[in-house]
Every structure is written in C-alpha cells, then in structure tokens.
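Both ligands and their constituent atoms are indexed starting at 1 by order of listing. For the numbers below, each heavy atom of this structure counts, side chains included, while hydrogens, waters and symmetry mates do not.
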Amino acid sequence: MDGNGRWAKDKHMPRSAGHKKGVDVARNAIEYFARAGVRYLTLFAFSSENWNRPEQEVSALMDLFLSALGKEAGQLAENNIRLRILGDQSRFPEKVAKAMQAAEESTRHCDQMQVLIAANYGGHWDITQSVRQLAEQVKQGTLQPADISSTLIEEGLSTGEVPAPDLMIRTGGEYRISNFLVWQLAYTELYFTDLYWPQMDAEQFGVALEYYQDRERRFGKTSEQLQELG
Ligand code: IPE
Ligand code: MG
C-alpha cells in the first residue's frame, strides 16, 4: 500500500494524513474484494524496515494501528471476515500488540474471507524463521537434512496453510517486491500502478482484477499443454 506520504505531500498535508486516508482505502479494499469473492487478502501495512522512519511518523502509524484495530474488528466479525497479523509482533508497543491479538481472537471463528495484515513483516524474516524451526528439528534428530523440502519450508512460513497469492497489486509507481511475501510470490501475477494507495478505489481495484483475468497462468507449462487440458 505505497504512496500515502507522497499523496499527502501533493495536497500540502502531513504524511500522517496520508496514512489516515490509507486506512480508509484499506477498509474499502477489504469491502471490494470481499464482494468480489476473494478469499484471502494480504495488506502490507508496515515493513520491518519502516522502523527506520522518523520517530514521529512511526508513532503516528502505531496510533493508527491502535485506533483502526479497535474500530474495525467488530465490523469484520459482523461480515464474517477473519483478521490475522503476519510478522514479528514482539517489537510493537504492548498496547498495539494486545490490540492485534484481540482483533485476531475476536474474528478467529470467521470464515468468509481472511484479511492478513503484514506488520513488522519481511519476506526474508519469514523464510528465516521457517528454516530455523526445521534446523531445530534436525538438531533434535526428528528430521533428516535430506527430508527438508520446499513443502516443509512453505508450511513453516507465517502464512502457513494460506494459499500463495494469485495477484499482487503494488501502488505508488515502484516496480519491486520490497521484501513482501518473497517466497509466496513465486508464481503470482504482478500488477503495478503509478497511482498512490490513497487514490485507489473500486474502479481501480476492478482494473487490477481485469488485468489478472487476462493473464494466462502456465506454471512452467506451455500454452499448448494448457489448451489440451482445457
Ligand atoms: C505507505 O506509504 C505505507 C507505509 C509504510 C505505512 P508510504 O509511507 O511509503 O508513502 P510514500 O512512499 O512516502 O509516498
Ligand atoms: Mg513508500
């Protein structure tokens, strides 16, 4: 969800106003994709590198997390949407970590859609923590190095049983992954737009979905093989 700061700057507003608008757009995105029948939506809200931003901005983001989690959890539960947090929660202020756990807890039973919020998340961190668990099993003697497979690494990722994304939308005119779901994105269709996240609306989400629908997903096969399969 990139471009909050630049959007605000263009409007001569503080960066925090951009983040606030970003939360509104995130809410709209959840609503839009839920209606479209999407089962899993992951939002990259805060990367493990974002702690390096000015203290004032980090603290404004923490306040936003706190208020958004408090406000939205009830609505999500009402719409049968489960909220999950991806990332290392131990670094968040205790109040924020507690609000995250509470929101996860109060929507745990919901099964229409899962919204995964990547917060203090990094793709490298995710792979590292999965591999570390396997190394522990090897040390205990319950796993042989030769039995380490991509399936085992994948199962240990914070996304666990969540299927790999079909589509990634990156806003803000950057054409990179920026340490998002680096393992999980191996076969994902990538959609880039120069629009800032606060400019995204139902129409633009629709454009992204149309882009996805026009892709032919071959997973390494040839076009002919796929046509034979019908
Ligand atoms: C998004 O926008 C997201 C967060 C990290 C919260 P940015 O803050 O990166 O906005 P730009 O890139 O400075 O415009
Ligand atoms: Mg940015």
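- Within ligand 1, counting atoms from 1 as listed, the ones closer than 4.0 Å to a heavy atom of N4 are 1 (C), 2 (O), 3 (C), 7 (P), 10 (O), 14 (O).
- For atom 1 (C) of ligand 1, the nearest non-hydrogen atom of the protein is M1 O, 2.9 Å.
- Side-chain contact between S48 and D88: absent, with no pair of heavy atoms (C-beta onward) separated by less than 4.5 Å.
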Discussion item. Under the criterion salt bridge (charged side-chain N to carboxylate O under 4.0 Å, His left out), I'd like the reasoning laid out for E31 against R27: C-alpha separation, chi angles, the key distance, then a yes or no.
Written reply: CA-CA 6 Å; E31 201 183 301; R27 187 187 308 110; over 6 Å; no

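- Close to ligand 1: R15, with a non-hydrogen atom less than 4.0 angstrom away.
- How far CG of N50 is from CD of E57: 8.0 Å, rounded to the nearest 0.5 Å.
- In this structure, the protein non-hydrogen atom closest to atom 11 (P) of ligand 1 is R6 NE, 3.5 Å.
- Listed for the S158 side chain is no donor-acceptor partner under 3.5 Å among the backbone atoms of D126.
- Checking E174 against the Mg ion (ligand 2), every N/O/S atom stays at or beyond the 2.8 Å cut-off.
- Distances from ligand 1 to the non-hydrogen atoms of G172 include no value under 4.0 Å.
- Less than 6.0 angstrom separates the ring centroid of F92 from the ring centroid of W51.
- Taking the N/O/S atoms of D2 in turn, the shortest distance to the Mg ion (ligand 2) belongs to OD1.
- Among protein heavy atoms, the minimum distance from atom 10 (O) of ligand 1 is reached at G5 N, 2.9 Å.
- Both V115 and V25 are members of a single hydrophobic cluster when ILVMFWY side chains are connected at heavy-atom separations under 4.5 Å.
- Of the protein's non-hydrogen atoms, the one nearest atom 8 (O) of ligand 1 is R53 NH1, 2.6 Å.
- Shortest contact from atom 5 (C) of ligand 1 to any protein heavy atom: N50 OD1, 3.2 Å.
- Residue contacts with ligand 1 for E49 are absent, since no atom lies close enough (heavy atoms, distance under 4.0 Å).
- Taking the six-membered ring for Trp and the full ring otherwise, F33 and F205 have centroids separated by under 6.0 Å.
- With E104 contributing its side chain and I85 its backbone, the two residues share a donor-acceptor pair below 3.5 Å.
- Atoms of ligand 1 found under 4.0 Å from any heavy atom of A45 (numbered from 1 in listed order, with element): 4 (C), 6 (C).
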